[in-house]
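Each remark here refers to the structure printed beneath this line.
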Amino acid sequence: MTLRVYNTLTGSKEEFETIEEGKVKIYSCGPTVYDYFHIGNARAFVVPDIIKRYLEYKGYQVTHVLNFTDVDDKMIKRADEEGINIQQLADRFITAFFEDAQALNLKKADFYPQATEHISEMIELIKDLLTKDYAYQSEGDVYFRIEKFDDYGKLSKQKVEDLEAGARVDVSNKKENPLDFTLWKRASEEPRWDSPWGAGRPGWHLECSVMSRKYLGDRFDIHTGGVDLVFPHHENEIAQSEACCGQQVVNYWLHNGYINIDGEKMSKSLGNFFTTREILSKYPAKVVRLFLIAKHYRSPINFSDQELENTATGLARLENAIEKINYLVEQEAVAGQLDGTELKELATEKKEKFMAAMDDDFNTALAIGALYELAKEVNRFVNSEDFELTQSVKEVLVEIEQLFKELGEDVLGIELTAEAGKDEQLVDSLVELLLDVREEAREKQEYQLADQIRDRLSELGVEVKDTPQGSQWKLS
RNA sequence: GGUGGCAUAGCCAAGUGGUAAGGCCGAGGACUGCAAAUCCUCUAUCCCCAGUUCAAAUCUGGGUGCCACCUCCA
């Protein structure tokens with residue numbers, strides 16, 4: 001199966017081909033580190049994480065860059081309010097970013113460049129653009145001359161004339177064209193850096209052009225970000241990079257949809273947002289993650305507690321099936337005739353469905369459906385009348401356990417298997433002991449005692465389930 | 001005004017030509033000493049109108065409604 005991805009640049013799904021065989025280079029627009037990131041931002045980090053995981057699963061060697069914007073108006077304003085400098089502000093929220101990212105089970109990127117560490121490279125790029133006449137100076141500022149760049153608007157599918165018509169009135173007459181955007185902005189106060197055009201700050205769009213080139217090269221495969229970045233951010237990034245390099249820089253532009261609240265975009269400016277850490281304090285991280293990938297990445301997701309609750313219930317169903325497998329796999333096989341071939345074929349079928357779904361523009365919603373179907377087949381099989389844990393069946397269950405691990409945990413990043421810690425060994429033994437006693441009571445039909453044991457274990461957070469294969473338990 | 005997108009059961013959500021995956025909730029049943037878990041069954045003429053086709057949720061045209069971008073925003 002070949003992977004197909006929807007490319008914003010062409011407006012269609014295309015077969016995915018790498019620039020360099022077996023390698024994929026990805027650049028993701030990261031956060032402006034002036035605050036904790038909200039659940040909508042989280043989606044923009046989880047989406048490339050899934051893409052990266054799936055590509056790695058398919059055998060590609062992935063290089064991933066995620067940047068931190070640490071200088072812009074929001075940073076300066078916030079730092080002023082806090083009475084600290086932007087460096088301190090950035091440090092604080094970059095630390096917070098990594099805490100939340102780890103909770104969300106985001107794999108580490110290979111590089112986390114910061115804008116302020118690349119000022120000199122940005123200045124070099126501006127010089128180059130000036131030399132090539134794609135930029136001009138105006139009263140200490142430097143602007144990009146969009147009219148000079150013929151392809152301007154190709155990403156957002158907008159005509160320059162239409163954009164001009166819709167452009168907000170620009171009071172300053174510094175620009176030749178209201179759509180020209182800032183490459184260098186004169187600044188009399190800190191933060192500011194020296195440049196051939198006087199002290200100032202870089203324009204926002206510049207950092208991504210500079211840092212993607214520095215860490216990924218003149219051309220790379222995938223660029224991700226939220227749809228709101230299509231225009232102007234990515235449009236301008238293309239203009240800068242391509243004006244400078246004279247060739248197409250990014251092959252595939254992938255944009256994720258928003259998280260909405262009551263049908264409206266979640267955003268800091270509207271004030272209708274929840275920070276990721278707020279959400280993580282209320283729901284297990286894997287539930288949050290599953291919620292974020294339960295819908296196709298380009299569609300909007302409406303955020304609600306109800307949906308998070310539903311997701312949690314659904315996840316428990318998947319986990320129950322896997323716990324059952326984990327339990328069975330640890331039991332001794334019995335002699336018998338039951339053959340696992342049929343179950344194995346079903347598992348293979350579901351895996352193929354999963355892969356086909358992911359190959360179709362990372363259709364996680366459909367892929368998750370395949371996982372649920374597999375769980376159902378397993379439940380059906382192990383709960384059937386003639387079920388017996390023969391060696392053949394056990395082998396297939398081990399394979400299915402592995403499959404859930406690969407697809408659910410490695411690709412989707414959702415922890416599905418209960419992992420026993422070292423200090424839980426004693427707990428294990430003690431609970432097993434009590435369950436042995438309870439089993440004896442049950443055999444003697446002393447149900448009152450049996451129930452008492454179960455109830456009191458329940459009070460202690462140990463849930464007991466009686467199944468035809470024996471009593472199972474887990475910590476609730 | 002320009003541009004892009006969306007409209008599928010009570011809710012969430014897949015599905016680009018051959019009479020609708022999956023999840024949540026609900027009803028009934030099976031299993032069970034009781035629970036829990038699980039399984040089975042039931043619940044959709046796919047926003048409206050017209051057209052193309054042997055055949056349309058899926059293509060075309062026209063409506064209606066909603067969202068987003070054009071200003072910082074994932």
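Convention: sequence-line order gives letters A, B, ...; per-chain numbering from 1.
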Strictly distance-based, threshold 3.5 Å: is any side-chain N or O of R186(A) a donor or acceptor partner for the main-chain N or O of S138(A)? no
Sugar-phosphate, base or nothing in reach of G40(A), heavy atoms under 4.0 Å: base
So, is N302(A) near the phosphate of C12(B), with a side-chain N or O under 4.0 Å from OP1 or OP2? no
Taking a pair as Watson-Crick or G-U wobble with both distances under 3.5 Å, which nucleotide is matched to U45(B)? none
With nearest nucleotides of RNA chain B determined for A321(A) and S269(A) from heavy-atom distances, which residue corresponds to the more 5′ nucleotide? A321(A)
Can you tabulate the close N/O pairs, meaning under 3.5 Å, that link protein atoms to atoms of nucleotides 3-9 of chain B?
| unit_1 | atom_1 | unit_2 | atom_2 | d |
| --- | --- | --- | --- | --- |
| U3(B) | O2' | S156(A) | O | 3.4 |

Under 4.0 angstrom, heavy atoms only, what part of the nucleic acid is Y258(A) near: base, sugar-phosphate, or nothing? base
Between atom NE2 in H255(A) and atom C1' in C70(B), what is the gap in whole Å? 15 Å
Would you list the protein and nucleotides 30-33 of chain B atom pairs, both N or O, that sit under 3.5 Å from each other?
| unit_1 | atom_1 | unit_2 | atom_2 | d |
| --- | --- | --- | --- | --- |
| G33(B) | O6 | R442(A) | NE | 3.4 |
| G33(B) | N1 | D451(A) | OD1 | 3.0 |
| G33(B) | N2 | D451(A) | OD2 | 2.6 |

Sort out the partner of U58(B) for me: Watson-Crick or G-U wobble, both distances under 3.5 Å, none otherwise. none
Quickly work out the L318(A) CG to U38(B) P distance and round it to whole Å. 11 Å
Over 60° means perpendicular and under 30° means parallel, so tell me whether F362(A) and Y54(A) are parallel, tilted or perpendicular. perpendicular
Quickly work out the Y27(A) OH to A74(B) C1' distance and round it to whole Å. 14 Å
Among A13(B), C39(B), A37(B), which nucleotide sits nearest the side chain of A365(A)? A13(B)
For F68(A), run the ring pair (Phe, Tyr, Trp, His ring centres under 6.0 Å) check against F111(A), F45(A), Y34(A), Y112(A) and tell me which one passes. Y112(A)
Verify, without hydrogens or angle tests, whether N67(A) (side chain) and G30(A) (backbone) share a donor-acceptor contact under 3.5 angstrom. yes
Is it true that atom CD of E189(A) has more than 12 heavy atoms of other residues, nucleotides or ligands lying nearer than 6.0 Å? no
Just the rounded figure in Å: distance from P of G2(B) to CG of L155(A). 21 Å
Under 4.0 Å, counting only non-hydrogen atoms across every strand here, what does K74(A) touch: a base, just sugar-phosphate, or nothing? sugar-phosphate
Please determine, for A37(B), whether a Watson-Crick or G-U wobble partner exists with both distances under 3.5 Å, and give it or none. none
Answer yes or no: does a side-chain N or O of W204(A) lie under 4.0 Å from OP1 or OP2 of C73(B)? yes
Provide the distance between the two C1' atoms, one in U71(B) and one in C11(B), to the nearest whole Å. 36 Å
Can you classify the ring geometry of F231(A) versus Y152(A) as parallel (below 30°), tilted (30 to 60°) or perpendicular (above 60°)? perpendicular
By the Watson-Crick or G-U definition, both distances under 3.5 Å, U52(B) is matched with none
Please list every donor-acceptor pair under 3.5 Å in which a side-chain atom of residues 448-463 of chain A meets a protein atom from a residue at least two apart or in another chain.
| unit_1 | atom_1 | unit_2 | atom_2 | d |
| --- | --- | --- | --- | --- |
| D451(A) | OD1 | R454(A) | NH2 | 3.4 |

Could you tell me whether N383(A) contacts a base, only the sugar-phosphate backbone, or nothing, with contacts defined as non-hydrogen atoms closer than 4.0 Å? sugar-phosphate
Quick one: does R289(A)'s side chain have a donor or acceptor within less than 3.5 Å of a partner on G413(A)'s backbone? yes
Rounded to the nearest angstrom, tell me the gap between atom CD1 in I261(A) and atom P in A68(B). 13 Å
Rounded to whole Å, NZ of K265(A) lies from P of C67(B) at a distance of 14 Å
A187(A) and R192(A) have their tightest heavy-atom pair at O-CD, 3.5 Å
Which one is paired to C31(B), where only Watson-Crick or G-U wobble pairs with both distances under 3.5 angstrom count? none
Base, sugar-phosphate or nothing for V382(A)? Non-hydrogen atoms, less than 4.0 Å. nothing
Whole-Å distance between C34(B) P and K465(A) NZ? 18 Å
Residue pair T116(A) / Q87(A), side-chain donor-acceptor N/O under 3.5 Å: no
Between the protein and nucleotides 22-24 of chain B, which nitrogen or oxygen pairs are less than 3.5 angstrom apart?
| unit_1 | atom_1 | unit_2 | atom_2 | d |
| --- | --- | --- | --- | --- |
| G23(B) | OP1 | R317(A) | NH2 | 2.8 |
| C24(B) | O2' | N310(A) | OD1 | 2.7 |

Would you mind pulling out the nucleotide paired to C72(B), Watson-Crick or G-U wobble, both distances under 3.5 Å? none
Grab the CE-C1' distance between M266(A) and C67(B) for me, whole Å please. 15 Å
Considering all heavy atoms of both residues, which atom of V230(A) and which atom of L155(A) are nearest to each other, and what is their separation? O-CD2, 3.8 Å
Can you find a pair of side-chain heavy atoms, one from L179(A) and one from Q158(A), that are under 4.5 Å apart? no
To the nearest 0.5 Å, atom CG of D35(A) lies from atom NZ of K74(A) at 10.5 Å
Give me the distance, rounded to whole Å, that separates G15(B) from A56(B) when you measure between the C1' atoms they each carry. 13 Å
Using Watson-Crick or G-U wobble geometry with both distances below 3.5 Å, tell me the partner of C66(B), or none. G5(B)
For the residue pair F181(A) and F144(A), does the interplanar ring angle fall in the parallel (under 30°), tilted (30 to 60°) or perpendicular (over 60°) class? parallel
Has the side chain of T8(A) got a donor or acceptor atom that lies under 3.5 Å from a matching backbone atom of W253(A)? yes
Choosing from C40(B), U38(B), A21(B), which nucleotide comes nearest the side chain of R380(A)? C40(B)
Strand-adjacent residues in residues 227-235 of chain A, judged by heavy atoms under 4.0 Å from RNA chain B: D228(A), L229(A), F231(A)
Under the salt bridge (charged side-chain N to carboxylate O under 4.0 Å, His left out) rule, what pairs show up with a residue in residues 303-316 of chain A, not counting sequence neighbours? K282(A)-D305(A)
Looking at every strand, decide which applies to N256(A) at a 4.0 Å heavy-atom threshold: base, sugar-phosphate, or nothing. base
What closest approach, in Å, do L216(A) and K25(A) show between heavy atoms, and which atom pair accounts for it? O-NZ, 3.3 Å
Once you apply a heavy-atom cut-off of 4.0 Å, does G153(A) come out as touching a base, just sugar-phosphate, or nothing? nothing
Start at the 5' end of RNA chain B and walk down; is the nucleotide closest to K268(A) or to Y297(A) reached first? Y297(A)
